[in-house]
*Asks:* 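For reference, the structure I am asking about is given below.
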Amino acid sequence: MRETLWYDATQIHIGGVWKAPAGGQQLPMENPSNGAEIGSIARGTAADIDAAVVAAQAALDGAWGRMTALERGRILTRIGQLVQTRLDDLALIEAMDVGKPLTQARNDAVALARYMEFYGGAADKVHGETIPYLDGYTVYTLREPHGVTGHIVPWNYPMQIIGRSVGAALAMGNACVLKPAEEACLTALAFMALAEEAGLPPGALNVVPGLGEEAGAALTAHPGVHHISFTGSVGVGKLVQAAAAQNVVPVTLELGGKSPQIVFDDADLDEALPFLVGACIQNAGQTCSASSRVLVQRGVYDEVVARMGERYGALQVGPAREDLNVGPLISARQKEIVEGFLADGDDLRLVAQGQIVDGAPEGGHYVRPTLFADVPTDHRLAQDEIFGPVQVVIPFEGEAEALRIANGTDFGLVASVWTRDGARQMRMAKAIRTGQVFINNYGAGGGVELPFGGIGKSGHGREKGFEALYGFSTLKTVAAKHG
Ligand code: NAD
């Protein structure tokens, strides 16, 4: 593994300097495809977080804070170009670290480059307004950075989530402290190395790997942090919001989902079928926007279940390097959680399961992708986020029932509607309670330009697109009386 890396993954990066964590400790790093230990990462602690926040503030008070938006944008664009030169390396690193099949890992690297390109280009295009006011006044608004922004990232899509949150924050002139997930830090450190190479001034980005309850909690509680972007589970999201409340700083929470695809009788099934299955099994179902529920109108119900079942039966599961449909889950713990859900599905109609390929290493965290049908809407598998390749199909009669089921969970991240009826498309898109609705497609994983985020227990605030630039900035109103 080490030979693939062009930076020292055992270190942290603070104020432009790679160094050992203050406590001197390391955390083991596992390859989910075979369970082997492939090295270690730094165990950053509160002392490192404090140093990182101090370094970020120093950057704001120094060269980074004085830099024009144009120049910030150019640096981000350069980072994107460097990412482009490393796509295969980044894909391999992510495949080893997260267990993601190579093609999917490479797509994440491509998305990271695209985020840098998008936010690089956008950096000097966000501006305030003038406001007509009383006679003798000129009033205008200024878009300003929050200051030091904290970024807590999960293990499932490190590159994409770093791209969308750190990219937007840097574009607006914030200085960032990034705490990647302890299960998958390697591409966060790679990104840091590329940002340094691209000329990002010291302290504008600081990366401190470590445990959530240690380094993560220290970052969310730090009084020198002015905004927190958190992507992860609902439980930890609540802790993050509570900690931020103590310092009265804004938070963006990107949490989980139970995202439905709704298939009406008049849908183009040939078009829909690849998305119905693909939107769940991507990254072994470990996707916040995974479509883990498919609601199907009675007239096409049997056909859709049968055709989805055929696809499930053909799915192949195996090591990331073999680049099959589905890789391992991230950890033994995640596998145990998903197997718990499968056991709870004992009373359900099991339609089909994919196969784990012969020779898949014993120590890998593999589960068979599984499709259940006729699932009652109040069943645990129809309500809870599974975060594994497990999908449920639920029948419905008409639009009203489809909406009631779609809106009948605690979550509200993404939904899609498959129908050729234009009026129905509009009605459904309005009435579904989610942050994104797709009509005759399902694509939350892409769409760098598209604002993304949830309502309900899926979180609040928006990242991606231009909207993120507003979230990562604050508005100042200047009212000048000149007579
Ligand atoms: P997690 O909440 O356990 O961990 C996420 C991050 O939070 C990690 O970096 C972890 O170290 C850190 N953390 C843990 N405890 C902390 C604490 N007390 N204080 C501060 N930080 C802490 O989530 P996970 O298991 O890594 O990721 C899976 C979850 O993330 C799923 O629920 C998934 O839906 C969600 N997710 C959401 C999105 C989205 O955009 N909405 C994207 C990806 C993942």
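First listed ligand is number 1; within each ligand, the first listed atom is number 1. If you're wondering where the values come from, they're calculated on a predicted model, not measured in any experiment. When reading the values below, keep in mind they use all heavy atoms of this one structure, side chains included, and skip hydrogens, waters and symmetry mates. Residue numbers start at 1 and run along the sequence shown.
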*Asks:* Do Glu463 and Ser165 have side-chain atoms, one donor and one acceptor, less than 3.5 Å apart?
*Replies:*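 Their side chains do not contain a donor-acceptor pair, so the 3.5 Å distance test is not met.
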*Asks:* Grab the two heavy atoms, one from Asn325 and one from Ile281, that are nearest each other, plus how far apart they are.
*Replies:* O-CD1, 4.2 Å
*Asks:* Heavy atoms of the protein only: does one fall short of 4.0 Å from atom 40 (O) of ligand 1?
*Replies:*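 Yes, because at least one protein heavy atom sits under 4.0 Å from atom 40 (O) of ligand 1.
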*Asks:* Give the residue, atom name and distance (to 0.1 Å) of the protein heavy atom nearest atom 2 (O) of ligand 1.
*Replies:*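 Sorting protein heavy atoms by distance from atom 2 (O) of ligand 1 puts Ser233 OG, 2.6 Å first.
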*Asks:* When you look for heavy atoms under 4.0 Å from ligand 1, do you find them on the side chain of Tyr157, its backbone, both, or neither?
*Replies:*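 No part of Tyr157 is near ligand 1 at this cut-off.
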*Asks:* With respect to Asn156, determine whether any N or O atom, backbone or side chain, lies less than 3.5 Å from an N or O atom of ligand 1.
*Replies:* no
*Asks:* Counting from 1, what ligand 1 atoms have a heavy atom of Ile152 closer than 4.0 Å?
*Replies:* 6 (C), 7 (O), 9 (O), 12 (C), 20 (C), 21 (N)
*Asks:* Just by distance, no angles: are the side chains of Thr231 and Glu254 close enough, under 3.5 Å, to form a donor-acceptor pair?
*Replies:*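 Not at all, the side chains of Thr231 and Glu254 share no donor-acceptor pair under 3.5 Å.
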*Asks:* Is the NZ or CZ atom of Lys100 positioned over Tyr157's six-membered ring, under 6.0 angstrom from the centre and within 45° of the axis?
*Replies:*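 Lys100 over Tyr157 ring: yes.
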*Asks:* I need the nearest protein heavy-atom contact for atom 28 (C) of ligand 1: residue, atom name and distance, please.
*Replies:*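 Answer, as residue, atom name and distance: Phe387 CE2, 3.4 Å.
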*Asks:* Which is closest to atom 5 (C) of ligand 1 in terms of heavy atoms, Ile386, Val236, Leu255, Thr231?
*Replies:* Thr231
*Asks:* Counting from 1, what ligand 1 atoms have a heavy atom of Cys288 closer than 4.0 Å?
*Replies:*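 The list of qualifying atoms is 34 (O), 36 (N), 37 (C), 38 (C), 39 (C), 40 (O), 41 (N), 42 (C), 43 (C), 44 (C).
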*Asks:* Please report whether ligand 1 has a polar contact with Glu182, defined as an N or O pair separated by less than 3.5 Å (distance criterion only).
*Replies:* yes
*Asks:* May I ask you to check whether Arg164 has an N/O atom sitting below 3.5 Å from an N/O atom of ligand 1?
*Replies:*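 In this structure, Arg164 places an N or O atom under 3.5 Å from an N or O of ligand 1.
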*Asks:* With distance as the sole criterion, is a donor-acceptor pair present between the side chains of His222 and Asp50 under 3.5 Å?
*Replies:*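 There is such a pair (donor and acceptor under 3.5 Å, judged by atom type) between the side chains of His222 and Asp50.
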*Asks:* Of the choices Gly256, Gly232, Gly210, which has the non-hydrogen atom that lies closest to atom 35 (C) of ligand 1?
*Replies:*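 The residue whose heavy atom sits nearest atom 35 (C) of ligand 1 is Gly232.
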*Asks:* For the residue pair Thr287 and Gln282, confirm or rule out a side-chain donor-acceptor distance under 3.5 Å.
*Replies:* no
*Asks:* Cut-off 3.5 Å, side chains only: do Glu196 and Trp18 have a donor facing an acceptor?
*Replies:*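 A pair is found: one side chain offers a donor N or O, the other an acceptor, under 3.5 Å apart.
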*Asks:* So for ligand 1, is Val153 a polar contact partner (N or O within less than 3.5 Å, distance only)?
*Replies:* yes
*Asks:* Under a 4.0 Å N-O cut-off, is there an ion pair linking Glu449 with Arg114?
*Replies:*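 Salt bridge between Glu449 and Arg114, a charged N being under 4.0 Å from a carboxylate O: yes.
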*Asks:* If you count every heavy atom of other residues, nucleotides or ligands that lies below 6.0 Å from Arg368 atom CZ, does the total exceed 12?
*Replies:* yes
*Asks:* Tell me whether Ile161 reaches ligand 1 (any heavy atom closer than 4.0 angstrom to a ligand atom).
*Replies:* yes
*Asks:* Go through ligand 1 atom by atom and flag the ones less than 4.0 Å from a non-hydrogen atom of Phe452.
*Replies:*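 Answer, ordered by atom number: 40 (O).
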*Asks:* Donor-acceptor check, side chain of Thr434 to backbone of Gln436, threshold 3.5 angstrom: yes or no?
*Replies:*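 It does hold such a pair.
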*Asks:* For atom 20 (C) of ligand 1, state which one of Gly237, Gly216, Gly235 supplies the nearest heavy atom.
*Replies:* Gly216
*Asks:* Which heavy atom of the protein is the closest neighbour of atom 17 (C) of ligand 1, given with residue, atom name and distance?
*Replies:*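 The protein heavy atom lying closest is Gly212 O, 3.4 Å.
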*Asks:* Does the residue Trp155 have a heavy-atom contact with ligand 1, meaning some pair of atoms that are separated by less than 4.0 Å?
*Replies:* yes
*Asks:* I'd like to check whether Glu385 has a polar contact with ligand 1, where a contact means an N/O of the residue lying under 3.5 Å from an N/O of the ligand.
*Replies:* yes
*Asks:* Can you tell whether the side chains of Asp384 and Lys258 come within less than 4.0 Å, N to carboxylate O?
*Replies:*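 Salt bridge flag = no for Lys258 with Asp384.
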*Asks:* In the protein, what heavy atom is nearest to atom 27 (O) of ligand 1, and what distance, to one decimal place, separates them?
*Replies:* Pro154 CB, 3.6 Å
*Asks:* Are any of the N/O atoms on Thr220, whether in the backbone or the side chain, positioned under 3.5 angstrom from an N/O atom of ligand 1?
*Replies:* no
*Asks:* Taking ring-ring contact (aromatic ring centres under 6.0 Å, His included) as the criterion, tell me which of Phe472, Phe230, Phe191 meets it with His151.
*Replies:* Phe472
*Asks:* What atoms in ligand 1 come closer than 4.0 Å to a heavy atom of Leu239?
*Replies:* 18 (N)
*Asks:* Do the side-chain N and O atoms of Gln353 and Thr370 include a donor-acceptor pair separated by under 3.5 angstrom?
*Replies:*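 Gln353 vs Thr370: donor-acceptor pair found between side chains.
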